[in-house]
Amino acid sequence: MYTQDFLIMTIPAVVALLGGILAAVWTPSHQARSLIQHFAAGVVLAALAVELLPEIEREHAPSLVLIACFALGSLFMYGIKLWTMRLEHQAQLMGAAAGVGSGLLLATFIDVATDGFIIGAGFAAGGQTGTILALGLSVELLFLGLALASGATSGRRIIILSGALGVTVLLFALLGTVLLSGASHAVIGGTLAFSAAALLYLVTEELLIEAHEVQEKPVATLVLFGGFLAFWSIQLLGR
């Protein structure tokens, strides 16, 4: 592993921590959170459309492997959604709405660990895939740090949690890179197909659904496209 790759992997971890520090001193309004979610959704969609899917094609993995791995990723994220909904329901019954339940935190850490492994798979694939995914998912982690402000009870706890999320994404990025380094095209292609399902879930079932829980302003649509364009521009200018 190159030092440059490691430094890029640390970006999502640092961004997660910075999001927690920012949340400790500033609680964004519902409208601000919605705009952040729209921008993050645009960025992740760009990472999926302009980098991840083309990289899957470049791996030339068997079609059945890609189909099976995407289906497996869809089922995995569906299971995470059902589990999270159950944990949220239990937290409401126990009156834990004012705090972050341990079960919900565990589900959040599993989600972040999956993101980290996706980044590691991108670096194992080579090219700019790992860098693009690391930068794209950094926006998600920034929002995640800000989102802790609604559930954590103190500024110190927010910072500790966001720091732990950052460490988790870094460790699993390193794990993904080590495990997939030198892997066959079928393995890497299948892992990236699994990752594509996870990113699609992130956009459609987390970011945008939560963003639409409040009455959004029309400018939110422009922010979504702005997020896509911003990241696509980075990819185009980096050629």
Side-chain angles (χ1 to χ4, degrees), residues 12 37-90 103-125 129-130 132-141 143-144 147 165 168-169 171-173 175-177 179-180 183-213 224 227-228 231-232:
Q37 287 167 320
H38 275 84
F39 187 84
V43 170
V44 176
L45 278 174
L48 180 64
V50 307
E51 185 64 32
L52 187 57
L53 293 180
E55 180 61 35
I56 292 175
E57 293 185 1
R58 287 192 291 268
E59 290 298 326
H60 300 293
S63 299
L64 291 179
V65 171
L66 299 181
I67 294 171
C69 289
F70 185 89
L72 183 61
S74 303
L75 291 174
F76 176 76
M77 299 312 296
Y78 178 68
I80 291 292
K81 180 178 179 64
L82 292 180
W83 184 39
T84 303
M85 290 175 61
R86 180 180 178 184
L87 294 174
E88 289 176 346
H89 179 67
Q90 292 177 347
L104 288 177
L105 278 179
L106 179 59
T108 300
F109 273 91
I110 292 176
D111 188 17
V112 170
T114 303
D115 291 344
F117 199 83
I118 290 173
I119 293 172
F123 278 101
T129 304
I132 295 294
L133 292 175
L135 295 177
L137 292 174
S138 292
V139 182
E140 177 212 352
L141 290 168
F143 163 73
L144 194 57
L165 290 173
T168 300
V169 72
L171 289 179
F172 275 84
L175 179 64
T177 303
L179 291 180
L180 296 174
S184 66
H185 292 290
V187 172
I188 293 180
T191 303
L192 293 178
F194 184 98
S195 303
L199 290 182
L200 192 59
Y201 169 86
L202 167 64
V203 173
T204 59
E205 296 297 322
E206 288 190 3
L207 293 173
L208 291 182
I209 283 185
E210 292 182 9
H212 292 156
E213 288 181 354
L224 173 68
F228 190 102
F231 215 78
W232 190 22

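In what follows, every heavy atom counts, from backbone to side chain, and hydrogens, waters and symmetry copies are set aside. Small disclaimer: the values here were computed from a predicted structure and weren't measured.
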Gap separating the CG atom of L202 from the CG atom of L208, nearest 0.5 angstrom: 9.0 Å
Test log, rule side chain to side chain contact (heavy atoms under 4.5 Å, CB included), inputs F109 and L165: CA-CA 7 Å; F109 273 91; L165 290 173; 3.6 Å; yes
Straight-line distance of D115 CG to L141 CG, nearest 0.5 Å: 6.0 Å
Heavy-atom pair with the smallest gap, counting every atom of A198 and T114: CB-CG2, 4.3 Å
Min side-chain heavy-atom separation P12-L137 under 4.5 Å: no
Over all atoms of both residues, closest heavy-atom pair of V65 and G190: CG1-CA, 4.2 Å
Nearest-0.5 Å distance that lies between atom CG in L45 and atom CH2 in W232: 13.0 Å
Ring pair (Phe, Tyr, Trp, His ring centres under 6.0 Å) partner of F194, the single match among Y201, F117, F76: F76
Close side-chain approach of L224 to F39, heavy-atom, < 4.5 Å: no
Heavy-atom check, side chain of I209 versus side chain of T204, under 4.5 Å: no
Closest contact, heavy atoms only, L66 versus A61: CD2-CB, 3.8 Å
Closest non-hydrogen atom pair, V50 against P54: O-CG, 3.7 Å
Heavy-atom closest contact (S195 atom, L52 atom, distance): C-CD2, 4.2 Å
Non-hydrogen atoms of A121 and T191 that approach each other most closely: CB-CG2, 3.6 Å
Rounded distance [0.5 Å steps], CD in E51 versus CD1 in I56: 10.5 Å
Nearest-0.5 Å distance that lies between atom CG in L75 and atom OH in Y78: 9.5 Å
